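Every value quoted in this text rests on a predicted model; they were computed, and no experiment measured them. Every number for a ligand or one of its atoms is a count from 1 in the order of the listing.
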Amino acid sequence: MNTYSFPPKFLWGAATAAYQVEGGWDADGKGESIWDRFSHTPGKITNGDTGDVACDHYHRYEEDIALMRQLGLKAYRFSVSWPRVLPHGRGRINPQGLDFYDRLVDSLCAANIEPFLTLYHWDLPQTFQDEGGWTNRNLSYAFADYAALMVKRFGDRVKNWTTFNEPGVVAFAGNHWGGHAPGIQNQKAAYQVAHHLMLAHGLATQAIRGADPSAKVGIVLNLWPAEPETHSPEDAVAAQSTWDQQETLFLDPIFKGHYPLSVYNTVGDDMPAIHDGDLALISQKLDFLGINYYSRHLVNAGGRVERVPGAEYTEMGWEVHAPAMRRLLVQISREYDLPPLYITENGAAFADEVSADGQVHDPRRLDYLKQHFIQARLAMQDGVDLRGYFVWSLLDNFEWSHGFTKRFGLIRVDYDTLQRTVKDSGKWYAEVIRKNQVEE
Ligand code: IFM
């Protein structure tokens, strides 16, 4: 048996996002978000599902924190719903919204679970969308004001702040392909959104530090390595170009202070408006980078390989390939001057069943996590400064346009009764945390 031990302070956690778990979509003065509007629009979400109730974490957070304790989590990554605390994004504050996050943070601290707070996990106040959404530069400034408000309220207890979760998904799934809220299909808008998200990240980084100089600030990027199918030069060029188009658009401005020419040389009239000084704001030093890793793209000169022969796939249609995570971590640590890293999301959707014994036996998820934990440890041995690992997700939840059809949780949620059941993978994860090691 091989044993992979982790450093004593390694931060094992799990992640969720407000719209995916909270429910209470119009409870206690919350404003409408673009995901409320989108999911209430017929035809947008599988089965017409919405996040109206989701896991009802808004009312059941205490039960969920008790489950986190049971798992032995050291950290919990969650997001704040902007329209819950500021129903129109700016101006009038909703005290009941702030109170909810106060209770959540207090309960986490009482349970000795470190809160990692994400300011934006996609649920923009609808009022802002009515003003052009992220294509409107003013929104970047409003985001910084919201960030400062949050730090003033929670900064005494929350020390780890993430500005954005997966800006690439916000820009392109929401504004180019249109499968996510707000459902816009316009490439020019998407590039402008991408830049305004980066600007908002820079402004918020300043605002957070202004409100609490001891705060640790980071951003979370979803990175999908693009790997060549063969050793041919053509496949190598194709893989490099896929990587450049999708990932350097965010890594380069943040960690190199400029946009990648390989991207903006190809966008022509869709080039976004960038003001003098924007890149300096965007490239401020960060305290951490969060990486969401799920899978890789295998690429050849003809494009992406849709199905890798012999490979395992999750319910999302994503190849299970843990070694690419190690290669990714090593590669970006060499290429960029990075702050400490966290895996802020990693996990898998599989079609779980409740067995006759009432339990959820999910060996494929357990094995997926085991493989990825081992590769993370190997990357650390290669010199990668990885400080912690958040499994996606604590709970089965609302998987955006797929509704409730994809289950990622360590804990099953019965969407009729809202009953929680810790899956085998969750019990196994508790043992990993307890021993601080993975056994193979
Ligand atoms: O559920 C999402 C999450 O909101 C962002 N990262 C990927 C997850 C799985 O698709």
Side-chain angles (χ1 to χ4, degrees), residues 13-23 33-36 38-39 44-46 49-51 54-55 57 76-82 116-124 162-175 177 179-182 197 218-225 246-247 250 289-297 313-322 324-325 328 341-352 362 364-365 368-369 372 389-413 415 425:
T16 63
Y19 189 74
Q20 294 180 272
V21 299
E22 281 182 5
S33 80
I34 57 172
W35 271 95
D36 295 318
F38 193 70
S39 69
K44 298 296 187 192
I45 313 289
T46 305
D49 290 341
T50 73
C55 309
H57 180 70
Y76 175 53
R77 174 174 175 254
F78 64 98
S79 75
V80 168
S81 159
W82 187 351
F116 271 61
L117 190 154
T118 301
L119 287 163
Y120 191 86
H121 199 128
W122 309 354
D123 43 356
L124 182 72
T162 296
T163 53
F164 287 93
N165 181 73
E166 303 184 357
V169 175
V170 178
F172 293 97
N175 295 275
W177 310 310
H180 279 200
L197 293 170
I219 189 167
V220 166
L221 303 179
N222 54 317
L223 298 179
W224 287 63
Q246 296 186 353
E247 314 299 0
F250 300 98
L289 169 66
I291 294 166
N292 294 352
Y293 176 86
Y294 289 92
S295 183
R296 65 165 181 173
H297 296 308
Y313 282 82
T314 72
E315 280 289 296
M316 296 295 283
W318 297 342
E319 184 196 356
V320 177
H321 194 89
M325 186 175 85
L328 167 77
L341 304 180
Y342 291 94
I343 296 295
T344 33
E345 288 182 25
N346 173 248
F350 288 114
D352 305 316
D362 58 341
R364 293 179 69 192
R365 181 175 295 100
Y368 176 100
L369 292 173
H372 286 79
Y389 207 110
F390 294 80
V391 173
W392 185 269
S393 175
L394 177 73
L395 303 167
D396 289 342
N397 61 47
F398 178 86
E399 179 54 25
W400 308 111
S401 58
H402 300 285
F404 296 107
T405 59
K406 311 288 181 204
R407 292 179 177 273
F408 277 90
L410 294 164
I411 298 171
R412 181 183 175 86
V413 176
Y415 294 116
S425 58

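The residue from Lys406, Glu345, His402 that puts a heavy atom closest to atom 3 (C) of ligand 1 is Glu345. By heavy-atom distance, the residue among Trp318, Tyr294, Trp400, Phe398 lying nearest atom 8 (C) of ligand 1 is Tyr294.
Distances below 4.0 Å separate heavy atoms of Glu166 from the following atoms of ligand 1: 5 (C), 6 (N), 7 (C).
In this structure, His121 is part of the shell of residues with a heavy atom less than 4.0 angstrom from ligand 1.
At a threshold of 4.0 Å, the pair Asp352-Arg365 counts as salt-bridged, since one of the basic side-chain nitrogens sits closer than that to a carboxylate oxygen. Between Arg77 and Glu345 there is a salt bridge, with a side-chain nitrogen of the basic residue lying less than 4.0 Å from a carboxylate oxygen of the acidic one.
A centroid separation of 6.0 Å or more is found between the aromatic rings of Trp82 and Trp122. In this structure, Tyr76 has its ring center at least 6.0 angstrom away from the ring center of Phe116.
Here's the thing with Glu399: one of its N/O atoms is less than 3.5 angstrom from an N/O atom of ligand 1. Between Asn292 and ligand 1, no N or O atom pair is found at a separation short of 3.5 Å.
A side-chain contact (heavy atoms from CB on, under 4.5 Å) with Leu221 is found for one member of Asn165, Thr344, Leu289 and no other, namely Leu289.
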